[in-house]
Amino acid sequence: MALKSTIFKIELQITDLDRNVYPTHALTLARHPSETDERMMVRVIAFALHASETLEFGKGLSAEDEPDLWRKDLTGTIEQWIEVGLPDEKRIRKACGRANEVIVVTYGRTADLWWEQNQAALRKLDKLSVINLPGEQTAALAKQVVRTMSINCTIQEGDLYLVMGDETFHVVPEYRLRSRASGR
């Protein structure tokens, strides 16, 4: 019998001082049975960093032709394609052909090795940004995961401050590559 996804409800209140946006999002995330709590929290961080009314979660691990998150315009054109983890370079190239901007959010122990092995090819992709989240920070967030969460996220000068219950976490994204499409 196949395992089913676990559903998580997250109220994400964002105070993005860098972009002057202050939305609150009621998120429902389906965590695939093979997905870790850490990866799911990285998806939430990716959402917070790029939050907009049209950003939505894709089918992720259960669909090869969809990203973890994406933003489309009214015509269906993919404006942003966001991958979480350590995707294959071929998948990233294909995404760059389909979307106006592609963002890869890496994390974990092997992210540095992945970057070393792929950076020469990835630097040739004008539409690509690569953001690394330190593994010790994402691992600490994963320990706080419960089925219903309220997260307050403040973004200031690129850093994230996440409040979950009585705990505050400081996450410092490292931009390894910035696309020319991002305008940042």
Side-chain angles (χ1 to χ4, degrees), residues 6-31 35-60 66-85 95 99-107 127-184:
T6 304
I7 303 300
F8 290 82
K9 299 280 188 178
I10 301 172
E11 180 183 80
L12 178 63
Q13 184 175 4
I14 301 170
T15 302
D16 189 335
L17 300 171
D18 295 345
R19 296 189 300 156
N20 285 324
V21 293
Y22 310 95
T24 297
H25 296 273
L27 305 176
T28 301
L29 272 75
R31 190 187 71 201
E35 183 176 35
T36 64
D37 287 341
E38 183 176 19
R39 186 179 191 286
M40 183 183 74
M41 289 307 297
V42 172
R43 286 196 295 146
V44 172
I45 290 172
F47 185 93
L49 285 170
H50 302 93
S52 78
E53 290 299 319
T54 56
L55 183 66
E56 56 187 45
F57 290 94
K59 294 178 184 169
E66 286 190 16
D68 292 295
L69 297 116
W70 55 4
R71 185 171 50 89
K72 297 179 187 178
D73 68 13
L74 295 174
T75 67
T77 299
I78 303 169
E79 294 177 337
Q80 279 184 326
W81 177 292
I82 303 172
E83 292 280 342
V84 169
N100 294 336
E101 181 182 17
V102 176
I103 300 159
V104 175
V105 182
T106 63
Y107 68 96
K127 297 179 179 181
L128 178 65
S129 293
V130 178
I131 304 168
N132 184 59
L133 302 176
E136 62 277 359
Q137 295 170 1
T138 57
L141 282 170
K143 293 177 183 175
Q144 301 299 313
V145 169
V146 292
R147 298 276 298 268
T148 303
M149 294 181 274
S150 178
I151 303 172
N152 291 320
C153 176
T154 300
I155 302 170
Q156 183 174 15
E157 296 180 6
D159 290 5
L160 288 91
Y161 300 88
L162 295 109
V163 178
M164 298 172 66
D166 295 335
E167 299 286 330
T168 300
F169 301 91
H170 181 201
V171 179
V172 182
E174 173 194 358
Y175 284 79
R176 293 183 165 171
L177 181 64
R178 290 186 190 259
S179 83
R180 294 187 190 120
S182 70
R184 293 184 194 183

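If you read the sequence from its start, that first residue is 1, and numbering goes on from there.
Annotation: side chain of I82 is not in contact with side chain of P67 (no heavy-atom distance under 4.5 Å). Looking at heavy atoms from C-beta onward, M41 lies in side-chain contact with I151 at the 4.5 angstrom threshold. Two residues are said to be in side-chain contact when any heavy atoms from C-beta on lie closer than 4.5 Å; Y107 and I45 fail this criterion. E101 is listed as a side-chain neighbour of I103, based on a closest heavy-atom distance under 4.5 Å. A 4.5 Å side-chain heavy-atom check between N152 and T15 finds every atom pair outside the cut-off.
Interatomic distance, S52 OG to R19 CZ, rounded to the nearest 0.5 Å: 7.5 Å. In this structure, the separation between CD on Q144 and CG on D37 is 11.0 Å, given to the nearest 0.5 Å. For the atom pair OG1 of T28 and NZ of K9, the computed distance is 3.0 Å after rounding to the nearest 0.5 Å. Within the model, atoms CE of M164 and CG of L141 stand 6.0 Å from one another, a figure rounded to the nearest 0.5 Å. Rounding to the nearest 0.5 Å places OG1 of T54 at 5.0 Å from CZ of R71. Atom CG in L17 sits 5.0 Å away from atom CD in Q156 (nearest 0.5 Å).
Scanning both residues, H50 and L55, for their nearest heavy atoms gives O-CD2, 3.4 Å. When all heavy atoms of L12 and C153 are compared, the pair lying nearest together is CD1-CB, 4.1 Å. Of all non-hydrogen atoms in P173 and V171, the two that sit nearest each other are CD-O, 3.3 Å. Scanning all heavy atoms of the two residues, the minimum distance from A99 to W81 falls at CB-CB, 3.8 Å. The heavy-atom pair separating R31 from R43 by the smallest distance is CA-NH2, 4.3 Å. Between D18 and G158, the shortest heavy-atom distance links the atoms OD2-N, 2.7 Å.
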For W70 and Q80, run side chain to side chain contact (heavy atoms under 4.5 Å, CB included): C-alpha distance rounded to whole Å, both residues' side-chain angles, the deciding distance at 0.1 Å, then the answer. CA-CA 5 Å; W70 55 4; Q80 279 184 326; 6.0 Å; no
Dump the intermediate steps for salt bridge (charged side-chain N to carboxylate O under 4.0 Å, His left out) on K143 and E167, then the final yes or no. CA-CA 11 Å; K143 293 177 183 175; E167 299 286 330; over 6 Å; no
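Each of I131, D68, L177, L128 was compared with V104 under the side chain to side chain contact (heavy atoms under 4.5 Å, CB included) criterion, and only L128 meets it.
Using cut-offs of 30° and 60° on the angle between ring planes, the pair F57 and F47 is parallel.
Of the possible polar contacts, none joining the R176 side chain to the N132 backbone as a donor-acceptor pair under 3.5 Å is found.
The side-chain contact (heavy atoms from CB on, under 4.5 Å) check on D73 picks up T75, T77, E79, with sequence neighbours excluded.
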